[in-house]
Amino acid sequence: METSTRQDWLSLLAHTPPPRLRRLLSPQLPPAAQVEWLRRAETGLIMLQGRAGSSGARFNLGEASVSRASCRIDGRLGHGWALGSNGEHAELIAQADALLQDPAQQAQLLAQWIAPLRAERAARRELAAREAAASKVEFFTLVRGE
């Protein structure tokens with residue numbers, strides 16, 4: 001499996017609102033008895049770092065809460081991380097990650113889950129870009145004088 005593909009689906013799952021993710025994944029998630037939880041959802045803090053001017057020395061910007069979970073489904077490990085304290089979100093991501101690693105159903109799940117989420121995320125970004133462009137202010141300078 002290509003690493004960038006897995007990073008892509010984990011990013012899409014983490015950026016999807018939990019209610020939408022629950023509706024999308026629920027029909028194909030395995031029964032609870034088939035999910036072996038290595039780490040049920042837990043919430044903690046991570047340190048956010050920044051760089052002055054995006055190239056200067058690193059500095060600690062602050063902390064953010066994050067939820068994480070890990071599970072095993074049919075011998076495949078799934079991990080989920082999500083900003084915030086919504087443990088269910090991290091558990092849904094972990095289960096989806098484990099299922100997406102199954103070569104037998106990966107193509108089908110990529111088409112059913114990841115393709116629509118990618119389109120929705122592109123639409124959200126396009127909307128945000130249009131809203132930002134609508135509020136753009138152009139400044140100009142008039143030269144006074146001679």
Side-chain angles (χ1 to χ4, degrees), residues 1-140:
M1 171 183 27
E2 189 177 316
T3 303
S4 62
T5 303
R6 187 170 182 209
Q7 289 173 345
D8 181 49
W9 78 51
L10 286 171
S11 175
L12 285 167
L13 294 168
H15 284 94
T16 301
R20 169 67 174 126
L21 197 56
R22 189 178 321 105
R23 282 192 314 272
L24 184 67
L25 303 181
S26 290
Q28 289 157 320
L29 291 178
Q34 291 181 3
V35 180
E36 176 189 350
W37 288 103
L38 307 174
R39 177 187 298 127
R40 290 301 300 219
E42 57 188 33
T43 301
L45 294 173
I46 59 171
M47 180 60 69
L48 302 175
Q49 292 186 338
R51 287 181 180 256
S54 75
S55 62
R58 289 179 187 240
F59 63 93
N60 290 335
L61 186 62
E63 295 176 333
S65 61
V66 66
S67 296
R68 67 179 181 172
S70 297
C71 70
R72 184 186 334 260
I73 300 174
D74 296 330
R76 283 175 291 284
L77 292 177
H79 303 284
W81 290 71
L83 277 177
S85 59
N86 189 337
E88 181 192 14
H89 192 192
E91 289 182 355
L92 287 169
I93 294 168
Q95 291 178 73
D97 182 39
L99 292 172
L100 283 161
Q101 292 177 58
D102 181 5
Q105 60 181 343
Q106 186 179 50
Q108 174 194 0
L109 294 179
L110 286 173
Q112 287 180 339
W113 293 348
I114 302 305
L117 293 179
R118 185 178 289 118
E120 291 170 14
R121 187 173 183 192
R124 284 193 307 269
R125 286 182 169 179
E126 175 63 28
L127 177 62
R130 279 199 316 264
E131 288 175 353
S135 66
K136 182 178 178 182
V137 177
E138 304 241 358
F139 293 95
F140 59 91

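If you're wondering where the values come from, they're calculated on a predicted model, not measured in any experiment. FYI, the numbering just counts along the sequence from 1.
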Working for side chain to side chain contact (heavy atoms under 4.5 Å, CB included), residues V66 and L45: CA-CA 6 Å; V66 66; L45 294 173; over 6 Å; no
L48/N60 under side chain to side chain contact (heavy atoms under 4.5 Å, CB included): CA gap, chis, key distance, verdict: CA-CA 6 Å; L48 302 175; N60 290 335; over 6 Å; no
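Contact check on E138 versus K136 returns a salt bridge, with a Lys/Arg side-chain nitrogen under 4.0 Å from an Asp/Glu carboxylate oxygen.
Counted by atom type alone, Q101 and Q106 present zero donor-acceptor pairs between their side chains at under 3.5 Å. Of the N and O atoms on the side chains of T43 and S67, at least one donor lies less than 3.5 Å from an acceptor on the other residue. Side chains of R121 and S11: a donor on one and an acceptor on the other come within 3.5 Å. For the residue pair E91 and W37, no side-chain donor N or O sits within less than 3.5 Å of a side-chain acceptor on the partner.
Shown here for P116 and A111, the closest heavy-atom pair between the two residues is CD-O, 3.4 Å. Between R124 and P17, the shortest heavy-atom distance links the atoms NH1-CD, 4.5 Å. Nearest approach of I93 to A14, heavy atoms of both residues: CD1-CA, 3.6 Å. V35 and C71 make their closest contact through CG1-CB, 3.8 Å (heavy atoms, listed as atom of the first residue, atom of the second, distance). Closest non-hydrogen pair, A64 versus L83, comes out as CB-CD2, 4.1 Å. When all heavy atoms are compared, the tightest approach of S85 to S65 is N-OG, 4.2 Å.
Between L77 and L38, the closest side-chain pair of non-hydrogen atoms falls below 4.5 Å. By the 4.5 Å heavy-atom criterion applied to side chains, R68 and H79 are not counted as neighbours. Looking only at side-chain heavy atoms (C-beta outward), L61 and Q49 stay at 4.5 Å or farther from each other. For the pair Q108 and Q28, the minimum side-chain heavy-atom distance is below 4.5 Å. In this structure the side chain of L21 never reaches within 4.5 angstrom of the side chain of W113, judged on heavy atoms.
Judged purely by atom type and a 3.5 angstrom limit, H89 uses its side chain to pair as donor or acceptor with the backbone of T16. R51 places a side-chain N or O within 3.5 Å of a backbone atom of G56 that can act as its donor or acceptor partner. Judged by distance alone, the side chain of D102 and the main-chain N or O of A104 form a donor-acceptor pair under 3.5 Å.
Here S70 contributes atom OG and E36 contributes atom CD; the two are 11.0 Å apart, rounded to the nearest 0.5 Å. Of the inter-residue distances, the one linking I46 atom CD1 with E63 atom CD reads 9.5 Å to the nearest 0.5 angstrom. The distance from atom CD1 of I73 to atom CD of Q34, rounded to the nearest 0.5 Å, is 8.0 Å. A distance of 5.0 Å separates CH2 of W9 from CG of L100, quoted to the nearest 0.5 Å.
When each of L13, D97, L29 is tested with L92 by the rule side-chain contact (heavy atoms from CB on, under 4.5 Å), just one qualifies, namely L29.
In this view, D74 and R76 satisfy the side chain to side chain contact (heavy atoms under 4.5 Å, CB included) rule, not counting sequence neighbours.
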